[in-house]
Amino acid sequence: MNFKFNLILASNSPRRRELLKGLDIPFEVKVLPNVSEIYPENLESDKIAEFIAVEKSLAYDGLLLDNDLVITADTVVILDKTVLGKPANRQDAFDMLKMLSGKTHHVITGVCLTTKEKKKSFSVSTSVSFKELSNDEINYYLDKYKPYDKAGAYGIQEWIGYVGVTNIKGSYFNVVGFPVQRIYHEIMKLSTEV
């Protein structure tokens, strides 16, 4: 492996840590406090995740050493141009899952790779279809899994994904929250440019 960077993951997400670990590239986790996740209200929904990933990366500008590469990311769920972020509470999570029930939505993860000298940002989109979910199924999932830290109020790798997802087009890992195939490709490309 020709990897020349000290890789830094700027995320507290255990799912992102686990997926990045699967690439067999050493990395450390370094999350700065009070990083902005605000985006302009008029921004197109499919641009939001990448915008936030770039915004998160700005906190690291001026702090990186020559061989550091920091990865920032954000994931959103979009249904008919409506952005579903992390639910505020149980009722919000229930409402989101009712909205997704029987429909196809898009999961978009924006990623920004930042070195001392460059920034490379991109988005990966995956479409996901759910069967009609009953209120009992939604309530069971919310009571047992408490998905309040997940965009769209669900984790595809959990029970609701096993019983509810009928079709997926694109990267499964992107729906988990980290498009590792594309990230691997982009960081290896950056390694050859050094």
Side-chain angles (χ1 to χ4, degrees), residues 1 3-40 43 45-78 83-89 92-93 96 107-126 145-158 171-191 194:
M1 299 292 286
F3 190 69
K4 299 183 169 96
F5 292 105
N6 170 37
L7 195 60
I8 300 165
L9 176 62
S11 175
N12 283 319
S13 166
R15 295 166 298 281
R16 288 187 178 136
R17 283 197 299 270
E18 184 180 327
L19 290 172
L20 187 56
K21 190 176 179 186
L23 293 180
D24 291 341
I25 299 170
F27 68 95
E28 64 180 302
V29 175
K30 193 182 291 180
V31 182
L32 298 178
N34 305 317
V35 174
S36 174
E37 293 192 21
I38 297 170
Y39 58 89
L43 191 63
S45 55
D46 62 342
K47 308 271 190 249
I48 291 171
E50 188 172 343
F51 180 90
I52 293 173
V54 172
E55 282 294 299
K56 288 177 178 180
S57 78
L58 299 176
Y60 295 83
D61 288 353
L63 302 176
L64 300 180
L65 302 175
D66 287 339
N67 64 334
D68 287 346
L69 188 156
V70 67
I71 302 174
T72 52
D74 194 72
T75 302
V76 296
V77 170
I78 300 172
V83 177
L84 305 177
K86 295 173 186 171
N89 52 44
D92 195 24
M96 285 183 186
V107 178
I108 299 178
T109 301
V111 177
C112 186
L113 306 176
T114 304
T115 66
K116 195 170 180 180
E117 301 186 358
K118 346 175 126 166
K119 278 189 196 295
K120 164 74 177 175
S121 67
F122 55 88
S123 291
V124 175
S125 180
T126 305
Y145 291 89
K146 303 184 183 350
Y148 307 120
D149 64 336
K150 296 173 177 71
Y154 80 92
I156 194 170
Q157 72 279 11
E158 296 173 340
S171 167
Y172 167 82
F173 297 112
N174 184 54
V175 184
V176 177
F178 212 50
V180 286
Q181 304 96 335
R182 177 74 185 271
I183 289 168
Y184 175 80
H185 171 77
E186 296 294 347
I187 61 179
M188 296 315 282
K189 199 159 88 172
L190 277 173
S191 290
V194 174

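- T72 places a side-chain heavy atom less than 4.5 Å from the side chain of Y60.
- A 6.0 Å sphere centred on CD of E28 holds more than 12 heavy atoms belonging to other residues, nucleotides or ligands.
- When every heavy atom of L113 is checked against every heavy atom of V111, the shortest pair comes out as CD2-CG1, 4.0 Å.
- Side-chain contact check for F122 versus V124: some heavy-atom pair is nearer than 4.5 Å.
- Side-chain atoms of I187 and I25, non-hydrogen and from C-beta on, do get closer than 4.5 Å to each other.
- Considering only heavy atoms from C-beta on, E37 comes within 4.5 Å of K56 through its side chain.
- Using a cut-off of 4.0 Å between Lys/Arg side-chain N and Asp/Glu carboxylate O, E50 and K47 are scored as not salt-bridged.
- The two atoms that bring P26 and L7 nearest to each other are O-CB, 3.6 Å, heavy atoms only.
- Between F27 and L69 there is no side-chain heavy-atom pair separated by less than 4.5 Å.
- C112 and A53 make their closest contact through CB-O, 3.7 Å (heavy atoms, listed as atom of the first residue, atom of the second, distance).
- Under the 4.5 Å side-chain criterion, counting only non-hydrogen atoms from C-beta, D74 is not in contact with F51.
- Side-chain atoms of T109 do not come within 3.5 Å of backbone N or O of T75 as any donor-acceptor pair.
- Contact between A153 and P147 at its shortest, heavy atoms only, is O-CG, 3.2 Å.
- Judged by distance alone, with hydrogens and angles left aside, the side-chain atoms of D68 form no donor-acceptor pair with the main-chain N or O of L64 at under 3.5 Å.
- Inter-residue side-chain proximity for I38 and E55 is flagged as unmet; no heavy-atom pair is nearer than 4.5 Å.
- M188 contributes atom CE, which lies 9.0 Å from atom NZ of K4 (distance to the nearest 0.5 angstrom).
- Of the listed residues (K86, R16, R15), just one forms a salt bridge (charged side-chain N to carboxylate O under 4.0 Å, His left out) with D149, and that residue is R15.
- Annotation for K146: atom NZ counts as buried by contact number, over 12 foreign heavy atoms lying within 6.0 Å.
- Side chain to side chain, Q181 and N174 fail the donor-acceptor criterion of an N or O pair below 3.5 Å.
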